[in-house]
Peer 1: 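Okay, handing you the structure first.
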Amino acid sequence: MAPWCPADSTKPVFVGIYGAVIGGFAVSALFFLLSSFSSLAAPPLPIPPASAAAANLSGAVSGVAQPETMYNRPIWKPPPRRERMPAPRAFRLTREMVGARARGGAIVVTFGNHAFLDFILTWVRHLTDLGVDSLLVGAMDTKLLRELYLRGVPVFDMGSRMATEDAVWGSPTFHKMGREKVLLINALLPFGYELLMCDTDMVWLKNPLPYLARYPDADLLTSSDQVIPTVTDDSLENWREVTGAYNIGIFHWRPTEPAKRLAKDWKDLLLSDDTLWDQNAFNDLIHKKFGYPVVGEDELVYSYDGKLKLGVLPASIFCSGHTYFVQGMYHQLRLEPYAVHTTFQYAGTAGKRHRLREAMLFFDQPSYYDSPGGFLSFRPNIPKSLLLDGAHTVKSHFALVNYQLKQIRTALAIASLLKRTLVMPPLWCRLDRMWFGHPGVLEGTMTRQPFLCPMDHVFEVHVMLKDLPKEEFGPHIDFREYSFLENPSLPKQVKESFLEVELCNEHSTRCSTTNRTNKGAPVLLPRNSTEQTLLDIFKPYKDIKILQFSSMVNAFGGFSDALREIGHIYYDMYWDEKPGWKPLPPQTKVEDHPPWLEISDKPWSIHLVKIML
């Protein structure tokens with residue numbers, strides 16, 4: 001999976017590879033024998049011989065109907081009911097299996113464990129929506145294999161015997177996944193098919209196969225972490241100007257001899273040194289011999305052994321988490337993006353998921369769109385001066401963000417009181433966030449100031465989603481992404497169950513708590529309302545799905561129980577120079593400000609404040 005923290009901040013832990021990708025199936029046999037998904041009525045599905053797989057592929061091309069097997073069954077079509085789970089050997093990765101799914105000599109592959117099931121289903125859904133069914137998913141545990149098979153997703157067993165836990169960046173599981181990817185590439189290339197290998201934390205927005213076919217002489221086409229555009233159209237990056245690392249979350253391999261040699265050397269290098277990160281090792285090998293352009297193919301460069309022809313996919317349309325979510329590079333260049341990979345984010349797997357949700361690119365279960373207690377949203381209020389006036393400095397950035405945080409804090413309090421799920425507002429930032437020092441925005445990028453920043457630029461999304469002890473952290477408050485109410489997946493009955501809430505001055509004649517006599521008129525809420533006022537006003541509307549507040553500025557007067565008050569803690573870059581510093585919220589209004597920094601000659605990293613609930 002793609003990193004969400006710097007490579008040099010952790011020490012990779014090597015986990016031994018206990019079997020080849022296509023081996024190690026004996027352990028899974030017991031799982032399948034004990035599986036509850038079985039029937040005495042139907043025999044196991046057979047493994048088709050090589051000739052049958054070839055006939056199926058030719059039949060798919062020619063339009064001649066072929067007998068349906070677990071290999072060529074339409075995606076999303078589950079196996080027949082009462083049919084036995086096929087024997088473990090049926091899920092082995094074979095040339096015949098790949099041939100049955102490949103189209104035009106190419107196969108698209110991803111892999112993962114059960115922790116990434118929702119990512120994998122989203123990945124498959126995007127491809128099938130684009131009309132691409134030439135795909136396979138490698139299962140690293142039997143739980144995922146079973147789940148995908150029952151859902152009608154073409155799956156094979158990688159024999160990894162991996163735990164079903166999340167692969168946190170830098171963890172043993174993360175590094176095992178990286179090495180399994182290299183083993184998988186080495187297993188697939190000898191089958192003779194072009195291989196588009198992808199991480200599960202990316203999605204396809206446009207069929208990439210026609211684009212890749214534009215460069216038939218390339219042995220390898222790779223994505224990158226390039227954040228500065230080297231081209232302004234949809235051609236490959238100018239490799240001479242690429243400074244970002246080549247990213248192995250999206251890359252296309254042709255089964256040529258130079259590509260096979262690279263794959264083998266990459267595998268051997270990783271298995272010989274348990275301190276290597278797979279992506280760094282890949283980049284080191286690519287640059288062993290690098291820099292001679294391919295004659296007649298100036299967009300390609302000889303690399304690795306001086307014979308491998310490499311091209312770099314344009315980051316404007318094969319997007320990273322920065323070029324898509326922060327810069328919106330494809331939009332500024334008026335291009336159509338092919339893919340987005342959730343790199344350059346700061347909240348682990350939860351942050352990746354939330355980024356895709358913000359962009360309405362993630363496919364959640366129906367229950368996600370219908371919270372039992374309903375939802376609460378509000379229109380953020382941001383003065384123009386905070387967005388646009390003055391220079392873009394640390395001080396002006398925090399003034400803008402803190403103004404928004406105060407409204408969000410009020411919204412979280414009201415959502416907690418009314419037991420509703422908060423729909424977060426869009427967040428605006430003046431400065432970028434990175435894990436290293438920078439001058440505010442990266443020079444040469446297309447980042448506009450101010451810009452709509454992802455939630456993980458400001459909030460610890462992964463912490464907010466945890467079930468933390470109520471005694472220490474207070475009641476859990478669920479939340480949704482800012483684009484939630486615009487998502488086409490939102491059910492009609494939820495979208496139409498809507499009530500506007502308008503703030504008013506408490507002593508005005510208009511601001512009566514019983515003045516909603518006209519159906520469809522907004523509910524009036526006195527500013528600085530108490531807990532009891534909020535509970536009394538909204539009790540009749542507990543079945544309304546969406547409460548839309550006109551503003552959160554001075555909407556709530558605060559909890560009567562000080563222990564329930566939602567607080568925040570500011571990060572302080574100079575904490576170690578302040579004797580007795582403790583991570584405590586501000587004790588008075590005078591203390592309620594971030595520790596401003598004097599940055600005369602220091603491009604400090606901008607991620608000093610986060611909200612803790």
Side-chain angles (χ1 to χ4, degrees), residues 1-2 4 110 112 115-127 129 166 198-205 249 319-328 330-331 337 339-378 380 404 408 411-412 415 420-429 433 451-467 476-491 494-495 545-546 548 610-611 613:
M1 304 301 292
W4 59 273
T110 194
F116 294 91
L117 173 63
D118 55 350
F119 280 90
I120 291 170
L121 294 176
T122 293
W123 183 87
V124 175
R125 170 75 181 274
H126 276 283
L127 281 174
D129 283 356
D166 187 6
C198 322
D199 283 352
T200 58
D201 61 340
M202 58 81 57
V203 297
W204 292 106
L205 309 177
C319 309
S320 68
H322 199 277
T323 61
Y324 189 91
F325 296 109
V326 176
Q327 297 187 54
Y330 73 93
H331 181 73
V340 54
H341 187 191
T342 54
T343 54
F344 290 89
Q345 63 83 44
Y346 308 93
T349 302
K352 297 168 185 286
R353 186 181 289 108
H354 194 81
R355 286 273 186 109
L356 293 175
R357 284 171 171 168
E358 287 184 327
M360 295 189 286
L361 296 176
F362 201 81
F363 294 107
D364 280 291
Q365 296 299 311
S367 59
Y368 181 79
Y369 299 99
D370 194 0
S371 177
F375 303 97
L376 185 150
S377 67
F378 70 96
Q404 298 170 85
I408 295 171
L412 286 166
R420 288 180 174 266
T421 296
L422 176 63
V423 178
M424 295 291 292
L427 283 167
W428 288 91
C429 295
R433 177 179 178 179
F451 64 95
L452 193 64
C453 52
M455 184 175 169
D456 60 85
H457 270 215
V458 178
F459 289 87
E460 300 279 36
V461 175
H462 56 306
V463 176
M464 293 174 68
L465 289 169
K466 289 181 179 178
D467 290 325
H476 178 75
I477 308 172
D478 204 359
F479 64 94
R480 296 290 186 268
E481 63 280 4
Y482 72 84
S483 58
F484 177 78
L485 298 179
E486 305 301 321
N487 197 307
S489 296
L490 190 69
V494 174
K495 190 176 296 186
K545 285 295 184 181
I546 303 170
Q548 169 74 54
K610 298 182 181 73
I611 294 300
L613 302 181

Peer 1: Could you check whether the rings of Phe484 and Phe375 sit parallel, tilted or perpendicular, using 30° and 60° as the cut-offs?
Peer 2: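 Taking Phe375 first and then Phe484, their aromatic rings sit tilted (interplane angle of 30° to 60°).
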Peer 1: Quick one: does Val494's side chain get under 4.5 Å of Ile546's, heavy atoms only?
Peer 2: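 In short, these two side chains touch, coming nearer than 4.5 Å.
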Peer 1: Step by step, would you call Leu412 with Phe479 a side chain to side chain contact (heavy atoms under 4.5 Å, CB included)?
Peer 2: CA-CA 9 Å; Leu412 286 166; Phe479 64 94; 5.5 Å; no
Peer 1: I'd like to check Val458 versus Cys429 (side-chain heavy atoms, cut-off strictly below 4.5 Å). Are they in contact?
Peer 2: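 Result yes, sub-4.5 Å side-chain heavy-atom pair found.
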Peer 1: Output the distance between atom OG (Ser320) and atom CD (Gln327), rounded to the nearest 0.5 Å.
Peer 2: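 Those atoms lie 7.5 Å apart.
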Peer 1: Go through the steps to decide whether Phe378 and Val423 satisfy the test side chain to side chain contact (heavy atoms under 4.5 Å, CB included), and finish with yes or no.
Peer 2: CA-CA 8 Å; Phe378 70 96; Val423 178; over 6 Å; no
Peer 1: Could you grab the distance from atom CG of Asp118 to atom OH of Tyr368, nearest 0.5 Å is fine?
Peer 2: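 Rounded to the nearest 0.5 Å, the CG-OH separation comes to 11.0 Å.
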Peer 1: Taking the side chain as C-beta and beyond, is there a heavy-atom pair between Glu358 and Phe325 under 4.5 Å?
Peer 2: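 Answer no - side chains too far apart.
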Peer 1: So do the side chains of Leu121 and Phe363 get within less than 4.5 Å of each other, counting heavy atoms only?
Peer 2: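 No, their side chains stay 4.5 Å or more apart.
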Peer 1: Report, as yes or no, whether the 6.0 Å neighbourhood of atom NE2 on His476 holds more than 12 heavy atoms from other residues, nucleotides or ligands.
Peer 2: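 Atom NE2 in His476 is crowded, with more than 12 foreign heavy atoms closer than 6.0 Å.
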Peer 1: For the CG atom of Leu452 and the OG atom of Ser483, what is their distance to the nearest 0.5 Å?
Peer 2: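 Rounded to the nearest 0.5 Å, the CG-OG separation comes out at 9.5 Å.
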Peer 1: Working to the nearest 0.5 angstrom, can you tell me the gap between Thr343 OG1 and Arg355 CZ?
Peer 2: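 Answer rounded to 0.5 Å: 8.0 Å.
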Peer 1: Going by heavy atoms in the side chains, are Ile408 and Leu427 under 4.5 Å from each other?
Peer 2: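 Yes, at least one pair of side-chain atoms sits under 4.5 Å.
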Peer 1: Using modelled atom types only, decide if a donor and an acceptor are shared between the side chain of His126 and the backbone of Met202 within a distance under 3.5 Å.
Peer 2: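 Side chain of His126 to backbone of Met202, a donor-acceptor pair under 3.5 Å: no, none is there.
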Peer 1: What closest approach, in Å, do Pro425 and Tyr482 show between heavy atoms, and which atom pair accounts for it?
Peer 2: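 For Pro425 versus Tyr482, the nearest heavy atoms are C-CB, 3.5 Å.
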Peer 1: Between Tyr324 and Pro337 (side chain of the first, backbone of the second, donor and acceptor by atom type, cut-off under 3.5 Å), is there such a pair?
Peer 2: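 No; zero donor-acceptor contacts below 3.5 Å.
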Peer 1: Once rounded to the nearest 0.5 Å, what's the spacing between atom CZ of Arg357 and atom CG of Asn487?
Peer 2: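 Spacing of CZ (Arg357) from CG (Asn487) equals 10.5 Å.
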Peer 1: Report yes if some heavy atom in the side chain of Phe451 is under 4.5 Å from a heavy atom in the side chain of His457; otherwise report no.
Peer 2: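 A side-chain contact exists here, since the closest heavy-atom pair is under 4.5 Å.
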Peer 1: Could you give the distance from OG1 (Thr110) to CG (Asp199), rounded to the nearest 0.5 Å?
Peer 2: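 Between atom OG1 of Thr110 and atom CG of Asp199 there are 6.5 Å.
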Peer 1: Give a yes or no on whether the backbone of Trp428 and the side-chain of Gln404 come within a donor-acceptor separation of less than 3.5 Å.
Peer 2: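 Indeed, once roles are kept as given, a pair shorter than 3.5 Å links the two residues.
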Peer 1: In the structure I gave you, are the side-chain heavy atoms of Asp129 and Trp204 within less than 4.5 Å of one another anywhere?
Peer 2: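 Heavy-atom side-chain distance check fails, nothing below 4.5 Å.
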Peer 1: Using modelled atom types only, decide if a donor and an acceptor are shared between the side chain of Ser377 and the backbone of Gln548 within a distance under 3.5 Å.
Peer 2: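 Not confirmed, Ser377 side chain does not pair with Gln548 backbone.
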Peer 1: Run the numbers on Leu361 and Thr122 for side chain to side chain contact (heavy atoms under 4.5 Å, CB included), then give the verdict.
Peer 2: CA-CA 8 Å; Leu361 296 176; Thr122 293; over 6 Å; no
Peer 1: Please name the pair of heavy atoms, one in Ala350 and one in Val461, separated by the smallest distance, quoted to 0.1 Å.
Peer 2: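 Between these two residues, the closest heavy atoms are O-CG1, 4.3 Å.
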Peer 1: Quick check against the 3.5 Å criterion: does Arg420 have a side-chain atom that pairs as donor or acceptor with the backbone of Lys545?
Peer 2: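 Flag set: sc Arg420 to bb Lys545 pair under 3.5 Å.
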Peer 1: Take His354 and Glu481 through the test side chain to side chain donor-acceptor pair (under 3.5 Å) and record every step on the way to the result.
Peer 2: CA-CA 7 Å; His354 194 81; Glu481 63 280 4; 4.8 Å; no
Peer 1: Taking the side chain as C-beta and beyond, is there a heavy-atom pair between Lys352 and Phe119 under 4.5 Å?
Peer 2: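 Result yes, sub-4.5 Å side-chain heavy-atom pair found.
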Peer 1: Using only atom types and a distance under 3.5 Å, with no angle test, would you say the side chain of Arg433 pairs donor to acceptor with the backbone of Asp456?
Peer 2: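 Such a contact is found between Arg433 side chain and Asp456 backbone.
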